[in-house]
Amino acid sequence: MSNRYIPHTPEDVARMLERIGVKSVDELYADVPQEVIFKEEYALPEGMSELELREWFKALGAKNRTLTVFGGQGAYDHYAPSVIPHLLERSEFYTAYTPYQPEISQGTLQYIFEYQSMISELTGLEATNASMYDGATATAEAAFMMVASARKRNCVLVSATIAPRVLDVVKTYTKFHGVEVREIPERDGVTDLDALREMVKAGDVAGVILPQPNKYGIVEDFSGVADAVHAEKALLTINADPSALAVLRSPAEWGADIACGDGQTLGMPLQFGGPYLGFMSCSKGQLRKMPGRVVGATTDASGKRCYVLTLQAREQHIRREKATSNICSNQSLMALYATIYIALMGENGLREVNRMSANGAHYLCSRLVESGKFELAFDKPFLKEFTLRTKLDIKAVNRKLAENGIMGGIDLGDGLVAFAVTEKRTKEEIDRLVTLMLED
């Protein structure tokens with residue numbers, strides 16, 4: 001056998017191809033355009049010993065530059081207690097798969113149950129699932145969920161102040177599912193609530209999706225929105241930062257039916273884009289429409305507490321054609337990450353994270369505005385992220401910052417730049433950023 005990690009012999013492959021009626025593996029990719037198929041030899045090194053391989057990867061990793069991060073826009077450089085990877089990488093967690101068999105999956109089911117309980121406490125909603133991939137896809141799933149609940153209504157309203165990449169994913173998911181997405185315009189950096197109230201009266205609106213905080217870092221005021229939405233028999237979803245929910249009003253307090261977002265802010269490292277964690281909570285009335293796994297607590301034949309997957313008829317391994325979602329991988333590993341993080345930080349720790357982040361963000365904002373080269377784009381409340389307006393060449397400024405080991409603010413275009421400050425940023429780091437940005 002040419003490769004001991006690939007179990008199929010040429011004879012095995014030939015029999016499988018004959019069974020499905022094709023002559024070669026290449027025929028399986030006949031629909032892929034030829035211009036996108038890689039036809040050259042792979043530039044792979046020769047086989048190495050373990051020591052050589054470790055040194056090779058060490059040299060490769062050394063090419064990466066670790067920057068002091070002042071960017072955000074949905075990915076934030078929060079602190080993670082060092083114990084998390086030591087627990088997360090235990091083999092019984094690291095290699096676990098979907099816990100379909102409760103008899104052998106009690107540990108996995110228990111930590112998912114604990115995760116659900118913690119997220120429900122943050123969102124204020126009664127039920128939480130597991131196994132969402134990231135915040136953007138969780139938001140798309142929330143759109144489907146609202147349409148499924150409304151039945152004959154197929155329109156979802158999304159605020160223009162939501163993160164652009166989230167809006168793009170929602171539009172991509174809904175495009176071929178007969179769901180129409182309409183944008184609620186923004187006004188002075190926040191959702192235009194007057195426009196929202198008019199748009200929701202169209203009669204075909206299944207639900208509304210609003211961000212908290214929004215793409216500018218602004219903490220929006222949604223007073224009265226739920227009443228207006230529910231009066232038209234539509235549902236309200238709030239895309240939220242779970243870390244910020246430790247200090248902000250919860251989605252349930254705003255009257256939301258569904259809460260979703262990305263759990264990356266719960267201490268998950270940036271890691272070049274992943275893996276992240278999508279979360280979703282809902283009111284009890286929407287539970288049967290919610291995608292993903294739901295773990296419940298019960299008792300066994302001996303009366304001892306145990307855990308099981310509940311409402312399984314919603315899932316693809318029971319009724320694929322009627323499933324609420326086909327997500328079934330071990331995304332629960334990241335749910336475990338969030339569970340350990342929240343348990344270690346506790347309520348006081350999460351509040352302290354937000355207090356330190358807010359203090360740092362407001363300090364940086366005041367320093368830049370006082371310089372005269374920046375001004376607040378919107379005079380609205382913010383927590384750890386804010387948006388300024390400037391005439392400086394932000395691309396040039398950011399190149400200079402990168403050369404000095406700093407990732408600067410995110411260029412939003414039209415002279416707008418968004419900065420984020422977490423509890424990891426020190427006063428000295430902030431002062432150095434300001435000094436470098438204001439140098440001629």
Could you tell me whether a side-chain N or O of R425 sits under 3.5 Å from a main-chain N or O of S357, the two making a donor and an acceptor? no
Begin with the C-alpha distance, continue with both residues' side-chain angles, and end with the deciding distance and a verdict on side chain to side chain contact (heavy atoms under 4.5 Å, CB included) for K424 and V69. CA-CA 9 Å; K424 288 178 65 174; V69 178; over 6 Å; no
Close side-chain approach of I84 to L344, heavy-atom, < 4.5 Å: yes
Taking T390 for its side chain and K373 for its backbone only, find out whether a donor-acceptor pair lies under 3.5 Å. yes
Under 3.5 Å, side chain of Q73 to main-chain N/O of A163, donor-acceptor pair present? no
Looking at N354 and L383, would you say the former's side chain and the latter's main chain have a donor-acceptor pair under 3.5 Å? no
Would you check if E180 and V156 make a side-chain contact, meaning some heavy-atom pair closer than 4.5 Å? no
Out of curiosity, E55 CD to S49 OG, how far, rounded to the nearest 0.5 Å? 9.5 Å
Honestly, is K384 close enough over Y76, meaning NZ or CZ under 6.0 Å from the six-membered ring centre and within 45° of the axis? yes
Output, in order, the C-alpha distance, side-chain angles, deciding distance and verdict of side chain to side chain contact (heavy atoms under 4.5 Å, CB included) for D77 and F70. CA-CA 8 Å; D77 189 24; F70 284 94; over 6 Å; no
Taking the basic N atoms (NZ, or NE/NH1/NH2) and the acidic carboxylate oxygens, is any pair closer than 4.0 Å for D194 and R197? yes
What's the separation between atom CE in M145 and atom SG in C282, rounded to the nearest 0.5 Å? 4.0 Å
Tell me which pairs pass side chain to side chain donor-acceptor pair (under 3.5 Å) where either residue lies in residues 250-267, with sequence neighbours left out. H230-D257, D241-T265, S250-E253
Does N64 have more than 12 heavy atoms from other residues, nucleotides or ligands lying within 6.0 Å of its CG? yes
Answer yes or no: is there a side-chain heavy-atom contact under 4.5 Å between V397 and L401? yes
From CA spacing to verdict: side chain to side chain contact (heavy atoms under 4.5 Å, CB included), V190, K380: CA-CA 9 Å; V190 295; K380 297 287 193 304; 4.1 Å; yes
Side chains of I340 and Y111 in contact at under 4.5 Å (non-hydrogen atoms): no
Under 3.5 Å donor-acceptor, E385 side chain and A418 backbone: no
Do you know which two heavy atoms are closest between N154 and G178, and how far apart they sit? ND2-O, 3.1 Å
Under a 4.5 Å cut-off applied to non-hydrogen side-chain atoms, are L336 and Y115 in contact? no
Inspect the contact between R182 and D204 and indicate whether a charged nitrogen and a carboxylate oxygen are less than 4.0 angstrom apart. yes
Can you tell if the side chain of L109 reaches within under 4.5 Å of the side chain of C306, non-hydrogen atoms only? no
Any idea which heavy atoms bring P81 and M345 closest together, and the distance? CG-SD, 4.1 Å
Step by step, would you call Y42 with F38 a ring pair (Phe, Tyr, Trp, His ring centres under 6.0 Å)? CA-CA 9 Å; Y42 291 107; F38 185 75; 5.2 Å; yes
Between A228 and V200 the two heavy atoms that sit nearest each other are O-CG1, 4.1 Å
Got a sec: does the CD of E232 have more than 12 other heavy atoms crowding it under 6.0 Å? yes
Decide, yes or no, whether a salt bridge links R432 with E428 under the criterion of side-chain N to carboxylate O below 4.0 Å. no
Inspect the contact between E403 and R399 and indicate whether a charged nitrogen and a carboxylate oxygen are less than 4.0 angstrom apart. no
Short question: side chain of D188, backbone of F378 - any donor-acceptor pair under 3.5 Å? no
Student check: side-chain heavy atoms of Q116 and I112 closer than 4.5 Å: yes
CG on N359 to CG on L364, rounded to 0.5 Å: 12.5 Å
Taking salt bridge (charged side-chain N to carboxylate O under 4.0 Å, His left out) as the cut-off, I'd like each qualifying pair that reaches into residues 85-109, sequence neighbours left out, listed once. R90-E92
Taking R249 for its side chain and F222 for its backbone only, find out whether a donor-acceptor pair lies under 3.5 Å. no
Look at atom CZ of R165 and say whether more than 12 heavy atoms of other residues, nucleotides or ligands are closer to it than 6.0 Å. yes
Could you tell me the separation between the CG atom of L376 and the OH atom of Y216, rounded to the nearest 0.5 Å? 14.0 Å
Kindly say whether Y276 contributes a backbone atom to a donor-acceptor pair with the side chain of Y337 at under 3.5 angstrom? no
Taking the side chain from T426 and the backbone from E429, do they hold a donor-acceptor pair closer than 3.5 Å? yes
Could you please spell out the steps behind the side chain to side chain contact (heavy atoms under 4.5 Å, CB included) verdict for L196 and L210? CA-CA 10 Å; L196 186 160; L210 303 174; 3.9 Å; yes
Looking only at heavy atoms, the pair that brings M280 and P291 closest together is SD-CD, 3.6 Å
Does any N or O in the side chain of Q106 come within less than 3.5 Å of the main-chain N or O of Y307, such that one atom is a donor and the other an acceptor? yes
Between F382 and H362 (judged by ring centroids, cut-off 6.0 Å), do the two rings come close enough to count as a pair? yes
Stepwise, does the side-chain hydrogen bond (donor to acceptor under 3.5 Å, both in side chains) test hold for Q286 with S283? CA-CA 6 Å; Q286 306 303 320; S283 60; 4.5 Å; no
Can you check salt bridge (Lys or Arg N to Asp or Glu O under 4.0 Å) on E352 and R355, steps first, answer last? CA-CA 5 Å; E352 182 70 4; R355 185 190 67 80; 2.5 Å; yes
Using side-chain contact (heavy atoms from CB on, under 4.5 Å) as the criterion, point out the one residue from L388, L416, D411, L412 that pairs with I394. D411
Got a sec: does the CD of Q101 have more than 12 other heavy atoms crowding it under 6.0 Å? no
Do the charged groups of E186 and K215 touch, with an N to O distance under 4.0 Å? yes
Could you tell me which non-hydrogen atom of N398 sits nearest to which non-hydrogen atom of G408, and how far apart they are? OD1-CA, 3.5 Å
Non-hydrogen side-chain atoms of L368 and V434 separated by less than 4.5 Å: yes
Determine the interplanar angle of the F419 and F386 rings, folded into 0 to 90°, and report it as parallel if under 30°, tilted if 30 to 60°, perpendicular if over 60°. parallel
Of the options T123, N129, D134, which is the one that meets F279 in a side-chain contact (heavy atoms from CB on, under 4.5 Å)? T123
